[in-house]
Amino acid sequence: TQLLEQSPQFLSIQEGENLTVYCNSSSVFSSLQWYRQEPGEGPVLLVTVVTGGEVKKLKRLTFQFGDARKDSSLHITAAQPGDTGLYLCAGHTGKLIFGQGTTLQVKP
Amino acid sequence: GAVVSQHPSRVICKSGTSVKIECRSLDFQATTMFWYRQFPKQSLMLMATSNEGSKATYEQGVEKDKFLINHASLTLSTLTVTSAHPEDSSFYICSARWGQGTSTLHFGNGTRLTVT
């Protein structure tokens with residue numbers, strides 16, 4: 001069974017702080033995605049990383065795919081209350097498998 | 001962008017009854033649809049994969065006789081929770097894609113099922 005270990009599972013920080021969420025696996029994925037989900041809604045795709053070592057930026061969010069394509073990280077710079085939500089990494093193996101998720105709370 | 005519509009968004013049913021949830025792709029033909037289940041503050045757990053015109057493939061531990069999946073057309077898949085019990089209360093989310101491999105998945109907005 002391919003598992004994605006996501007950490008931390010819960011994170012509560014003050015506005016303006018930086019944070020990093022990690023997604024690790026013992027398996028190699030053809031691609032890895034990061035999603036954000038609001039309560040009562042479906043997940044919304046933030047980014048897809050495909051190439052080992054790839055780095056993508058989306059405003060204050062920086063996503064990195066590990067060289068071996070087994071792990072990824074999401075770094076948020078100067079977090080804002082609007083960043084509050086559930087962040088999910090997901091790996092493609094023909095089907096999409098999700099990590100446990102990171103619940104982020106950014107307090108003003 | 002592509003839209004996946006899920007209906008109903010919320011449903012309350014009595015224990016022992018069955019509930020059907022629909023997942024429609026509105027502007028593309030979905031060759032594959034996936035059904036997920038999500039408990040509060042937890043991640044999405046894949047329940048089954050359905051391909052149009054064939055039987056669904058269920059993940060380990062998911063009862064296929066309890067969670068009936070039908071993917072009768074390229075734009076519609078249904079999940080029926082049969083003889084629902086309170087422990088089936090959860091957030092059910094479908095996703096759909098066109099093509100094979102790692103083509104983009106489009107998610108519905110989920111269905112909150114409460115079994116009383």
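Below, chains carry the letters A, B, ... as their sequence lines are ordered, and counting in each starts from 1. Computed from a predicted structure; not experimentally measured. All values below were derived from every heavy atom in this structure, side-chain atoms included, with hydrogens, water molecules and symmetry-related copies excluded.
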(Q) If hydrophobic clusters are built by linking Ile, Leu, Val, Met, Phe, Trp and Tyr wherever their side-chain heavy atoms come under 4.5 Å apart, do B:Leu46 and B:Tyr92 end up in the same one? (A) no
Q: Check the hydrophobic clustering (I, L, V, M, F, W, Y; side-chain heavy atoms under 4.5 Å; chains of links allowed) and say if A:Leu19 and A:Trp34 are grouped together.
A: yes
Q | More than 12 heavy atoms of other groups within 6.0 Å of B:Tyr58 OH | A | yes
Q) If you group Ile, Leu, Val, Met, Phe, Trp and Tyr by side-chain heavy-atom gaps below 4.5 Å, do A:Ile76 and A:Leu32 land in one group? A) yes
Q.
Looking at every heavy atom in both A:Glu41 and B:Phe91, which two are closest together, and how far apart are they?
A. O-CE2, 3.6 Å
Q: Starting at NZ of B:Lys41, measure out to CZ of A:Phe10 and round the result to the nearest 0.5 Å.
A: 7.0 Å
Q | Nearest heavy atoms of A:Gly101 and B:Ser43, plus distance in Å | A | N-CB, 4.2 Å
(Q) Taking B:Val19 as the starting point, is it possible to reach B:Leu79 by hopping between hydrophobic residues whose side chains are less than 4.5 Å apart? (A) yes
Q | Option in A:Glu38, A:Gln37, A:Gln6 with maximal non-hydrogen atom pairs under 4.5 Å from chain B | A | A:Gln37
Q. Where is the tightest heavy-atom contact between B:Phe107 and A:Leu96, given as atom of each residue plus distance?
A. CZ-CD2, 4.0 Å
Q.
Tell me the closest heavy-atom pair linking A:Leu86 and B:Gln42, and the distance in Å.
A. CD2-O, 3.9 Å
(Q) With a 6.0 Å cut-off (strictly less than), is the heavy-atom count around NE2 of B:His7, excluding the residue itself, greater than 12? (A) no
Q: Look up atom CD in A:Gln33 and atom CG in B:Leu105, then write down how far apart they are to the nearest 0.5 Å.
A: 6.5 Å
**Q.** chain A contact via B:Gln38 - side chain, backbone, both or neither, heavy atoms under 4.5 Å
**A.** side chain
(Q) Give me the atom names and distance for the closest heavy-atom approach of B:Leu44 to A:Pro43. (A) CD2-CG, 4.1 Å
Q) Do B:Ile69 and B:Phe34 belong to the same hydrophobic cluster, where Ile, Leu, Val, Met, Phe, Trp and Tyr are linked whenever their side-chain heavy atoms lie under 4.5 Å apart, directly or via other members? A) no
Q) Checking A:Gln9 against chain B: side chain, backbone, both or neither under 4.5 Å from a heavy atom? A) neither
